[in-house]
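These notes are about the structure you will find just below.
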Amino acid sequence: MLSKLLLRTSSSKPKQLKKIHALVLTSGLSVKNSLLTQLIENLILASDMCYARKVFDEMHKPRIFLWNTLFKGYVKNQLPFESFTLYKKMRDLDVRPDEFTYPYVVKAISQLGDLSCGSSLHANVVKNGFDCLGIVATELVMMYMKFGELSSAEVLFESMQGKDLVAWNAFIAACVQTGNSGLALDYYRKMCADDDDDVRFDSFTVVSMLSACGQLGCLEIGKEIYDRARREGIDCNVIVENARLDMYLKCGSTEAARVLFEEMRERNVVSWSTMIVGYAMNGDSEEALVLFATMQNEGVRPNYVTFLGVLSACSHAGLVKEGKRCFDLMARSNDKSLQPRKEHYACMVDLLGRSGLLEEAYEFIKEMPLEPDAGIWGALLGACAVHRGVELGKKVADLLVETAPDIGAYQVLLSNIYAAAGKWDCVDKVRSEMRKLGTRKVAAYSSVEFDGKIHFFNRGDRSHPESKAVYEKLEEILKKIRDMGYVPETCSVFHDVEVEEKESSLSHHSEKLAIAFGLVNGRAEQPIRVMKNLRTCDDCHIFAKFVSRLTSRDIIMRDKNRFHHFRNGVCSCREFW
DNA sequence: GTAGGGTTAG
């Protein structure tokens, strides 16, 4: 009778569940435990983990299945700490975990984000002999990846015997998600060549690889992987096509993306958002806004990422009014999930700041209902760097160093603000502080894809096998464009050094080397695609414009924030970046 | 009866 009642009681009726609990406890039935199990399952469905645990704790010797059910509930409800304490209790009571326990517990510890807990859990897994189970091992690999322990993850993954497709896919996806797309590409090739494990790739693999190629900016490799997937009859669903769309846009191929988007049989909100974000990144703000309007006309509901794209489109085009309108649209929306988040506030600060409205941006931050984070202050600091707002920049940088002292990028920005204002004593002060704190700027690099490989260049780099030809080409071009009127923009070297020294430091910036490499190797009718990990400097921007005119080659350059499409001496960003 | 993998932003 009670059992039937439990089955009928929907999970959305917690009060009734509690009444049933009291009835079960007073009943003295022999089937008490099985009823309580059913009750706990219902409570978990209702997301009442607290009450579920209470019922569980009062039970006499619950079966391992019930322990697992509780672990599962904690993972689902993102309560890793509770999961951790339950696991400790399990060990204290000498309850032996079974093969289903660890997948949940390892996932919980991943959510907890504590490496030492993770390592001791790993040791426990080994002790109990579950480390040879593929599913458990995969979860452990994912855990180490999430903790940023790439080498531990790699060692563990390599040691797995008879890895199946899911294990491979999980590892490759984690590589991409942690920004190790080059490694993902290596493992994809290993997977395809692997004789021992005999796995064939599937649509999950393709999605991760297209995403990796987008990150790396290697369009040709991405196309090849997609074509191969088609040839092998892999189902290319909307997720695969979205990933392909994103790859085109991240490689600066907006036209290919547009064609694909038009052709897609099925589109979802991610497809639209990908296009809008991609257009914004490529500087095609108008297209982004047109698409946003079309999407709404077609009845597709935008989500918070869509709005990030729209706001960033406004920001890149200096459309302050339109940006404000869109932000208000969100703030006034009845949809709770569309309320502006910190990222949207950061976008607005960027929009105002980029347009030179530094004070308004500052006021905007002071009035926002959420606690501003480093990203938001960072956006304002970036704007101060562009518009030479020395005083405000100093104020913001002080705030930032308080809240995020380990982020060297902000200190670099501040020192750049001082440098641009000629305040070399202040520059020195910031730099020495950075040395004291051990903060360092990330080294800049640029890359170009050619012949199935990605070629990397650092500033002044001579390690590339073709560097002799690259430097010769660079000298040749510099000479020619000087005749056309190119003057090195030495202000963008933020060191207090002599002009000549500045020039030579400038002329070997990584993007110049990458462009020269593209000129040496690429096909004349194809654009040179350069991907840079940081933002580009004024001088390299001017350089690229001259080179595009001199050589009649299109140069597509992706920096940390956006694209620059150079054609015949003009850049798509119209100097607004 | 229960377990591992994918797309948009940062």
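Residue numbers begin at 1 in each chain, while the letters A, B, ... track the order of the sequences.
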**Message:** Quick test of your reading: applying ring pair (Phe, Tyr, Trp, His ring centres under 6.0 Å), list the pairs with at least one residue in residues 226-270 of chain A, sequence neighbours left out, ordered by first then second residue.
**Reply:** F261(A)-W272(A)
**Message:** Less than 4.0 angstrom between a side-chain N/O of K72(A) and OP1 or OP2 of dG4(B), yes or no?
**Reply:** no
**Request:** Please assess N77(A) against S47(A) for the test side chain to side chain donor-acceptor pair (under 3.5 Å), listing each intermediate value before the final yes or no.
**Result:** CA-CA 7 Å; N77(A) 289 289; S47(A) 288; 3.0 Å; yes
**Prompt:** Which part of the nucleic acid, if any, lies within contact of R341(A), taking any heavy atom under 4.0 Å across all strands shown: a base, the sugar-phosphate backbone alone, or nothing?
**Reply:** nothing
**Prompt:** When all nucleic acid strands are considered with a 4.0 Å heavy-atom cut-off, which category describes K250(A): base, sugar-phosphate, or nothing?
**Reply:** sugar-phosphate
**Request:** Among dA3(B), dT8(B), dG4(B), find the nucleotide with the atom closest to the side chain of N303(A).
**Result:** dT8(B)
**Asked** So which nucleotide from dT8(B), dT2(B), dG1(B) ends up closest to the side chain of R63(A)?
**Response** dG1(B)
**Request:** Quick one: label N68(A) by what it contacts on the DNA or RNA (base, sugar-phosphate, nothing), any heavy atom closer than 4.0 Å.
**Result:** base
**Request:** Could you work out which one of dG6(B), dG4(B), dT8(B) sits closest to the side chain of N237(A)?
**Result:** dG6(B)
Side-chain donor-acceptor contacts of residues 291-308 of chain A below 3.5 Å, not counting sequence neighbours, with atom names and distances?
{"residue": "T294(A)", "atom": "OG1", "partner": "V290(A)", "partner atom": "O", "Å": "2.7"}
{"residue": "R301(A)", "atom": "NH2", "partner": "D335(A)", "partner atom": "OD2", "Å": "2.7"}
{"residue": "N303(A)", "atom": "OD1", "partner": "V305(A)", "partner atom": "N", "Å": "3.0"}
{"residue": "N303(A)", "atom": "OD1", "partner": "T306(A)", "partner atom": "N", "Å": "3.0"}
{"residue": "N303(A)", "atom": "OD1", "partner": "T306(A)", "partner atom": "OG1", "Å": "2.9"}
{"residue": "T306(A)", "atom": "OG1", "partner": "S273(A)", "partner atom": "OG", "Å": "2.9"}
{"residue": "T306(A)", "atom": "OG1", "partner": "N303(A)", "partner atom": "N", "Å": "2.9"}
{"residue": "T306(A)", "atom": "OG1", "partner": "N303(A)", "partner atom": "O", "Å": "3.2"}

**Asked** Looking across every strand, which nucleic acid part, if any, lies under 4.0 Å from T274(A) by heavy atom: base, sugar-phosphate, or nothing?
**Response** sugar-phosphate
**Prompt:** Choosing from dG6(B), dA9(B), dT2(B), which nucleotide comes nearest the side chain of E343(A)?
**Reply:** dA9(B)
**Message:** Which nucleotide wins on minimum distance to the side chain of I239(A), given the candidates dT2(B), dT7(B), dA3(B)?
**Reply:** dT7(B)
**Request:** Can you sort out which residues in residues 171-183 of chain A have a heavy atom within less than 4.0 Å of DNA chain B? Ascending by number, please.
**Result:** A173(A), Q177(A)
**Request:** Dump the intermediate steps for ring pair (Phe, Tyr, Trp, His ring centres under 6.0 Å) on Y74(A) and Y104(A), then the final yes or no.
**Result:** CA-CA 9 Å; Y74(A) 283 138; Y104(A) 298 127; over 10 Å; no
**Asked** Within this structure, what is the CD1-to-P distance between I225(A) and dT7(B), rounded to whole angstrom?
**Response** 15 Å
**Prompt:** Base, sugar-phosphate alone, or nothing: which one does V240(A) contact when heavy atoms must sit under 4.0 Å apart?
**Reply:** base
**Request:** Check if the side chain of N242(A) and the base of dG6(B) share a donor-acceptor pair of N or O atoms closer than 3.5 Å.
**Result:** no
**Request:** Have a look at I276(A) and say if it touches a base, only the backbone sugar-phosphate, or nothing, with a 4.0 Å heavy-atom cut-off.
**Result:** nothing
**Request:** Could you tell me whether V305(A) contacts a base, only the sugar-phosphate backbone, or nothing, with contacts defined as non-hydrogen atoms closer than 4.0 Å?
**Result:** base
**Rounded interatomic separation in angstrom, taking CE from M281(A) and P from dA9(B)** = 7 Å
**Message:** Taking donor-acceptor contacts at under 3.5 Å, does the side chain of E41(A) reach the base of dG1(B)?
**Reply:** yes
**Asked** Is a side-chain donor or acceptor of D98(A) paired with a backbone partner of T101(A) at a separation under 3.5 angstrom?
**Response** yes
**Prompt:** To the nearest angstrom, how far is M191(A) atom CE from dG6(B) atom P?
**Reply:** 14 Å
**Request:** Provide, to the nearest angstrom, the distance between the CZ atom belonging to F100(A) and the C1' atom belonging to dG4(B).
**Result:** 13 Å
**Message:** Tell me the interatomic distance from D350(A), atom CG, to dA9(B), atom C1', rounded to whole angstroms.
**Reply:** 14 Å
**Request:** Whole angstrom is fine here: how far is it from CZ in F65(A) over to P in dA3(B)?
**Result:** 9 Å
**Request:** Determine the interplanar angle of the W168(A) and Y187(A) rings, folded into 0 to 90°, and report it as parallel if under 30°, tilted if 30 to 60°, perpendicular if over 60°.
**Result:** tilted
**Donor-acceptor contact below 3.5 Å, side chain D350(A) vs main chain H316(A)** = no
**Request:** Answer with base, sugar-phosphate or nothing: what part of the nucleic acid does S203(A) contact at a heavy-atom distance below 4.0 Å?
**Result:** base
**Message:** I'd like to know if the side chain of N128(A) and the backbone of F130(A) have a donor-acceptor N/O pair within less than 3.5 Å.
**Reply:** no
**Asked** Once you round it to whole Å, what is the distance between C1' of dG6(B) and CZ of R244(A)?
**Response** 16 Å
**Prompt:** Looking across every strand, which nucleic acid part, if any, lies under 4.0 Å from G375(A) by heavy atom: base, sugar-phosphate, or nothing?
**Reply:** nothing
**Request:** Fit a plane to each ring of F171(A) and F157(A), take the angle between them on a 0 to 90° scale, and name the class: parallel (under 30°), tilted (30 to 60°) or perpendicular (over 60°).
**Result:** parallel
**Message:** Could you check whether the side chain of S208(A) and the base of dG6(B) have a donor-acceptor pair of N or O atoms closer than 3.5 Å, going by distance alone?
**Reply:** no
**Request:** Using whole Å, report how far OH of Y304(A) lies from P of dG10(B).
**Result:** 11 Å
**Request:** Tell me what E99(A) touches on the nucleic acid: a base, only sugar-phosphate, or nothing, going by heavy atoms under 4.0 Å.
**Result:** base
